[in-house]
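Here is the structure we will look at.
To find a chain, count down the sequence lines: A is the first, B the second, and so on, and within it residues start at 1.
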2 protein chains.
Amino acid sequence: MPGDFVDLHSFLVKVMDHAVMAVTPCTIGMVPHEALREITETHPHLTRLLAVNIVVDAAIHRQWLVSMGRRSALEHTAHLLCELLLRLRAVGLTTDDSFQLPLTQAELGDTLGLSTVHVNRVIQELRKEELITWHGDTVVIKDWPRLQGIAEFDPTFLSLKAEPR
Amino acid sequence: MPGDFVDLHSFLVKVMDHAVMAVTPCTIGMVPHEALREITETHPHLTRLLAVNIVVDAAIHRQWLVSMGRRSALEHTAHLLCELLLRLRAVGLTTDDSFQLPLTQAELGDTLGLSTVHVNRVIQELRKEELITWHGDTVVIKDWPRLQGIAEFDPTFLSLKAEPR
DNA sequence: CGATGGATTGAGGTAGGTCAAATGGCGTGG
DNA sequence: CCACGCCATTTGACCTACCTCAATCCATCG
């Protein structure tokens, strides 16, 4: 997600159990561990904000856990679309209720843990129900309340409002 | 898990999106947010260790995500058993390859996202394959290498070795 | 001894998977 | 401007892991 601080983990745990990759070409900024260490030594408030970042990531992970474990493919997909809309909106990358989703259905399947075939049927269902539109890279959320309802999407977990200092 | 620092999240994000509960009676210690704030102001190293705690939790969440999304019920269950053995061993609560698991099959199903019936069949399979024993609350891992193999369990994510300062 | 809660078993149902083929859009070379 | 090839999307048929429902079994305990 543009603007995200990716993989703060590696600063804290030196043996990684995972990798990170970009789905599209993108520009990245590198922050040396030394700089982070410096921040943790001298800027407690900034340090706490970095920790908030990690905590929110974990909250997102937990939502995904719910999606994988208890939501149907349709609900799971709807949930992801809701999450994407709000997170992209938070960084100014939406126009109204639409955003760019530079993924193939196969790639979407990879992220959702679904087969390409089933992703396709889910998307068709979402379209048939007039919940979304998806042409090329552009997704339009046509019926946010109902999509949110299907996904049982509660945006609390994203902590998009600023936290009190 | 005895000894764990539970829910550091609430210190950093004031609106919780989840609850925390104990599965068994247990003794808990409360750490006032004020004390945590004090630590973050004055003890950078300790602060980083608290952050490591959060990061490891997130790593565990990610493994669960893999389990829910890509592992079969058998593999998922095996993975949980592997995780429990190592985490309990880390706090001295195992004897050899056995530990106490004070859960009913229904509760285990709740945690794994499986029905009671299917949990039962999975457990029977694990027993038939001589991988584990489970009488009352006592689980014995009878064939760790094979269990680990089935689960594709790689303990790296638990970060059980001390991190360099 | 009956009641209770957990474990087990059986039968049938369903969401989503796999395999395989068809369709369609689009960029490239001729 | 066309034909071709490459992908992504779509469709159909069949399969399977896991679910639900409903008994039944079994141990424990008052």
Side-chain angles (χ1 to χ4, degrees), chain A residues 23-25 64-81 84 99-140 142 147 149-152, chain B residues 23-25 64-81 84 98-140 142 147 150-152:
Chain A
V23 171
T24 59
W64 277 72
L65 221 34
V66 174
S67 281
M68 310 242 55
R70 303 274 66 179
R71 288 195 246 265
S72 68
L74 184 79
E75 292 160 358
H76 188 169
T77 308
H79 200 275
L80 174 58
L81 291 171
L84 287 175
F99 57 88
Q100 299 306 111
L101 184 63
L103 291 181
T104 64
Q105 293 185 2
E107 288 167 328
L108 185 57
D110 280 349
T111 96
L112 293 167
L114 296 171
S115 69
T116 308
V117 172
H118 203 62
V119 166
N120 183 266
R121 300 199 224 261
V122 164
I123 299 297
Q124 286 179 54
E125 176 73 13
L126 290 170
R127 286 206 260 249
K128 184 160 69 71
E129 291 291 325
E130 314 247 297
L131 292 161
I132 70 161
T133 261
W134 183 6
H135 295 131
D137 286 356
T138 307
V139 170
V140 180
K142 290 177 69 179
L147 192 69
I150 287 170
E152 297 192 55
Chain B
V23 170
T24 59
W64 276 72
L65 221 33
V66 175
S67 282
M68 309 242 57
R70 301 274 65 178
R71 288 194 246 266
S72 68
L74 183 78
E75 293 159 358
H76 187 128
T77 307
H79 201 275
L80 174 58
L81 292 171
L84 287 175
S98 89
F99 57 87
Q100 298 307 109
L101 184 63
L103 291 180
T104 64
Q105 293 186 359
E107 288 167 328
L108 184 57
D110 280 348
T111 95
L112 292 167
L114 296 172
S115 68
T116 309
V117 172
H118 203 63
V119 166
N120 181 268
R121 301 199 224 260
V122 164
I123 299 296
Q124 284 179 56
E125 177 72 13
L126 289 170
R127 287 206 261 251
K128 184 159 70 71
E129 291 291 323
E130 315 247 297
L131 292 161
I132 70 160
T133 261
W134 183 5
H135 295 130
D137 286 356
T138 306
V139 169
V140 180
K142 288 177 70 180
L147 192 69
I150 286 170
E152 296 192 56

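- Using a 4.5 Å heavy-atom threshold, the side chains of B:Val122 and B:Leu112 count as separate.
- Crowding of B:Glu107 atom CD: a count of heavy atoms from other residues, nucleotides or ligands under 6.0 Å exceeding 12.
- Residue contacts for A:Ile123: at a heavy-atom cut-off of 4.0 Å it reaches no nucleic acid atom on any strand shown.
- Atom-to-atom, CD of B:Glu125 to C1' of D:dA17 comes out at 13 Å; the value is rounded to the nearest Å.
- Counting only heavy atoms from C-beta on, B:His118 has its side chain closest to D:dC18 among D:dC18, C:dG17, C:dT9.
- Note: CZ (A:Arg121) to C1' (C:dG17) measures 10 Å, nearest angstrom.
- When the side-chain contact (heavy atoms from CB on, under 4.5 Å) test is applied to A:Asp110, no partner is found at least two apart in sequence or on another chain.
- Per the geometry, CG belonging to B:Leu112 stands 13 Å off C1' belonging to D:dC18, to the nearest Å.
- A:Leu126 places its CG atom 16 Å from the C1' atom of D:dT10, with the value rounded to the nearest Å.
- The CZ-P distance, from B:Arg70 to D:dC18, rounds to 12 Å in whole Å.
- Here CD1 of A:Ile123 is found 10.5 Å from NE2 of A:His118. Values are rounded to the nearest 0.5 Å.
- At whole-Å resolution of the value, CE in B:Met68 and P in C:dA15 are 18 Å apart.
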Any chance you could lay out the side-chain contact (heavy atoms from CB on, under 4.5 Å) test for B:Leu131 and B:Leu81, step after step, and finish with the verdict? CA-CA 11 Å; B:Leu131 292 161; B:Leu81 292 171; over 6 Å; no
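- Nucleic acid contact class of B:Gly109 (heavy atoms, under 4.0 Å, all strands): none.
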Are there any protein N/O atoms within less than 3.5 Å of an N/O atom in nucleotides 5-9 of chain D, and if so, which ones and at what distance?
{"unit_1": "D:dT9", "atom_1": "OP2", "unit_2": "A:Gln105", "atom_2": "N", "d": "2.7"}

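- Across the protein-nucleic acid pair, A:His135 atom NE2 and C:dC26 atom C1' stand 16 Å apart, rounded to whole Å.
- By the 6.0 Å contact criterion, CZ on A:Arg127 is enclosed, its count of non-hydrogen atoms from other residues, nucleotides or ligands being greater than 12.
- Residue order along DNA chain D, read from the 5' end via each residue's closest nucleotide, puts A:Gln124 first among A:Gln124 and B:Ser72.
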Grab the N/O contacts between the protein and nucleotides 22-30 of chain D below 3.5 Å, and write none if there aren't any.
none

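- A:Ala78 approaches A:Ile150 most closely through the heavy-atom pair CB-CG2, 4.2 Å.
- Taking every heavy atom of both residues into account, B:Trp134 and B:Leu103 meet most closely at CZ2-O, 3.4 Å.
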